[in-house]
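What follows is one structure encoded as structure tokens, with my remarks underneath.
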Amino acid sequence: MTDYLFPPPEVKSIPVEGEAAKYPVNRIFCVGRNYAAHAAEMGMEVDSEAPFYFTKSTFAVLPSGETLPYPPGTENFHYEMELVVAIGEPVFRGSRDEAERAIYAYGCGLDMTRRDLQQEAREKERPWDLGKDVEGSAVLAPLTKAVDFGTPGKQRIHLELNGEVKQDAHLSDLIHSCVDVVMDLSTFYHLQPGDVILTGTPAGVGPVVAGDKLTGGIDGLAPIALTIGQPE
Ligand code: MN
């Protein structure tokens, strides 16, 4: 057995509906601008040719229902409600069938974002990491197996801030479908069980302050919740 200088980081995991065992999270990929109305509100054109990606470290994983202290380094912390795809089989340069088979489960997720730092990075043509790879910013609800959920399509995706609906769309509004995203991402990475993909957010993103309560849902999936706490 390897002797470590200090304990290795704990494995982050999320529950799966109907399973005693939890889903251990490996990598976190996120799709940018995958709903036309959100791309427009960000002042950007949609690239319908191919999706683009950014990543978060596993340290960003936060289970649904927790309180996230308002993070350091931002004055414009935003919510983004998203459909999460959880990979359950290795896939590399996958065919459409292989990509579909590789999708083990779906879930609700929040891609919490330091919008001021993301936009500054965009303007200065710098990486998005400080804006997007925020500790606790990948909020993940319990997963539902794909076989139980079915195919993403007419399901409603929505988010409420303190009970008021802020984001309201349908999964059929996704520009690049979940299978298309898995196929495309698998041309760059050896996707493997534990990899999750946040597939992009609909229009209506906005800022939070300490004390705010976010709730969200997608028809057929376990709902998500997050409370914003005082800054540390
Ligand atoms: Mn996002």
Whether the D184 and Y53 side chains hold a donor-acceptor pair (N or O, under 3.5 Å, no angle test) is what I'd like checked. yes
Would you mind reporting whether P72 and P231 have side-chain heavy atoms less than 4.5 Å apart? no
Spatial distance of atom CG (D173) from atom CZ (R156) [nearest 0.5 Å]: 12.5 Å
Checking side chain to side chain contact (heavy atoms under 4.5 Å, CB included) for the pair T55/I28: CA distance, chi angles, key distance, verdict? CA-CA 6 Å; T55 59; I28 304 166; over 6 Å; no
Minimum heavy-atom separation for Y70 and T74, please, with both atom names. CE2-O, 3.5 Å
Heavy atoms only: give me the nearest I224-A141 pair and the separation to one decimal. CD1-N, 3.8 Å
Checking side chain to side chain contact (heavy atoms under 4.5 Å, CB included) for the pair L159/T215: CA distance, chi angles, key distance, verdict? CA-CA 6 Å; L159 175 135; T215 51; over 6 Å; no
According to a 4.5 Å side-chain heavy-atom criterion applied to Ile, Leu, Val, Met, Phe, Trp and Tyr, with indirect links allowed, do I103 and F188 form part of one hydrophobic cluster? yes
Flag side-chain contact, heavy atom, 4.5 Å: I218 against M81: yes
Going only through I, L, V, M, F, W and Y residues with side-chain contacts under 4.5 Å, is there a path from L68 to L117? no
Hey, are H158 and E160 close enough side-chain-wise for a donor-acceptor pair under 3.5 Å? yes
L226 side, atom CG; S64 side, atom OG - distance, nearest 0.5 Å: 8.0 Å
Is it true that a side-chain atom of R114 and a backbone atom of K132 form a donor plus acceptor pair closer than 3.5 Å? no
With rounding to the nearest 0.5 Å, note down the distance linking CZ in R101 to CD1 in I87. 13.0 Å
Have T58 and K12 got a donor and an acceptor in their side chains that come within less than 3.5 Å? no
Measure the NE2-CG distance between H78 and D116 for me, rounded to the nearest 0.5 Å. 8.0 Å
Could you tell me whether E100 and R96 make a salt bridge, using a distance below 4.0 angstrom between a side-chain N and a carboxylate O? no
Please tell me whether T227 and E66 have a donor and an acceptor in their side chains that are separated by less than 3.5 angstrom. no
Using a 6.0 Å cut-off, check whether atom CD of E98 has over 12 heavy atoms from anything other than its own residue. yes
Any sub-3.5 Å donor-acceptor pair from T113's side-chain atoms to D111's backbone N or O? yes
Could you tell me if S57 and D133 have a donor-acceptor pair between their side chains, going purely by distance under 3.5 Å? yes
Check: N76 side chain, R115 main-chain N or O, donor-acceptor pair, under 3.5 Å: no
Check against side chain to side chain contact (heavy atoms under 4.5 Å, CB included), V182 and I197: CA-CA 8 Å; V182 172; I197 307 165; 3.9 Å; yes
Residues D129, K56; criterion salt bridge (Lys or Arg N to Asp or Glu O under 4.0 Å); working and verdict: CA-CA 8 Å; D129 301 53; K56 295 179 187 247; over 6 Å; no
How about W128 and F52: are their ring centres within less than 6.0 Å of each other? yes
Closest heavy-atom contact between N162 and G211? OD1-O, 4.3 Å
Locate the shortest heavy-atom distance separating Y35 from L171; write the atom from each residue and the value. OH-CD2, 3.9 Å
Do M183 and V91 belong together in a cluster built from hydrophobic side chains that touch within less than 4.5 Å? yes
Under a 4.0 Å threshold between the charged nitrogen and the carboxylate oxygen, would D219 count as salt-bridged to K154? no
Between P127 and A121, the two heavy atoms sitting closest are O-CB, 3.2 Å
Looking only at atom types and distance, does a side-chain atom of Q167 sit under 3.5 Å from a main-chain N or O of P202, one as donor and one as acceptor? yes
Flag, side chain of E41 to backbone of G204, donor-acceptor distance under 3.5 Å: yes
Over 12 foreign heavy atoms within 6.0 Å of CZ, F59: no
Please determine whether a side-chain nitrogen of the Lys or Arg among E120 and R122 lies less than 4.0 Å from a carboxylate oxygen of the Asp or Glu. no
Examine K145 relative to Y104 and say whether NZ or CZ is less than 6.0 Å from the centre of the six-membered ring and inside a 45° cone about the ring axis. no
Considering all heavy atoms of both residues, which atom of G131 and which atom of V134 are nearest to each other, and what is their separation? O-CG2, 3.6 Å
Taking T144's backbone N and O only, do any of them form a donor-acceptor pair with E17's side chain (distance below 3.5 Å, no angle check)? no
In short, salt bridge (charged side-chain N to carboxylate O under 4.0 Å, His left out) pairs touching residues 185-212 with sequence neighbours left out are R27-D195
CD/Q155 to CG/L83 distance, rounded to the nearest 0.5 angstrom? 8.5 Å
Is there a donor-acceptor pair closer than 3.5 Å between any side-chain N or O of Y23 and the backbone N or O of G194? yes
Do F29 and M112 share a hydrophobic cluster, counting only Ile, Leu, Val, Met, Phe, Trp and Tyr and linking them when any side-chain heavy atoms are less than 4.5 Å apart? yes
Are E80 and L110 side-chain neighbours, meaning at least one heavy-atom pair lies under 4.5 Å? no
Side chain N34, main chain T199, donor-acceptor under 3.5 Å: yes
Hey, what do you get for SG (C108) to CD1 (I157), rounding to the nearest 0.5 Å? 7.0 Å
Would you check if the side chain of S186 reaches a backbone N or O of G94 as a donor-acceptor pair within less than 3.5 Å? yes
Atom OH of residue position Y189 - does it have more than 12 heavy atoms of other residues, nucleotides or ligands inside 6.0 Å? no
So, Q230 side chain and P69 main chain: donor-acceptor pair closer than 3.5 Å or not? no
Are L140 and V84 packed together at the side-chain level, in the sense that at least one heavy-atom pair is separated by less than 4.5 angstrom? yes
Ring centres under 6.0 Å, that's the criterion: do F149 and Y106 meet it? yes
Is there a continuous path of hydrophobic side-chain contacts, each under 4.5 Å between heavy atoms, that joins V208 to V205? no
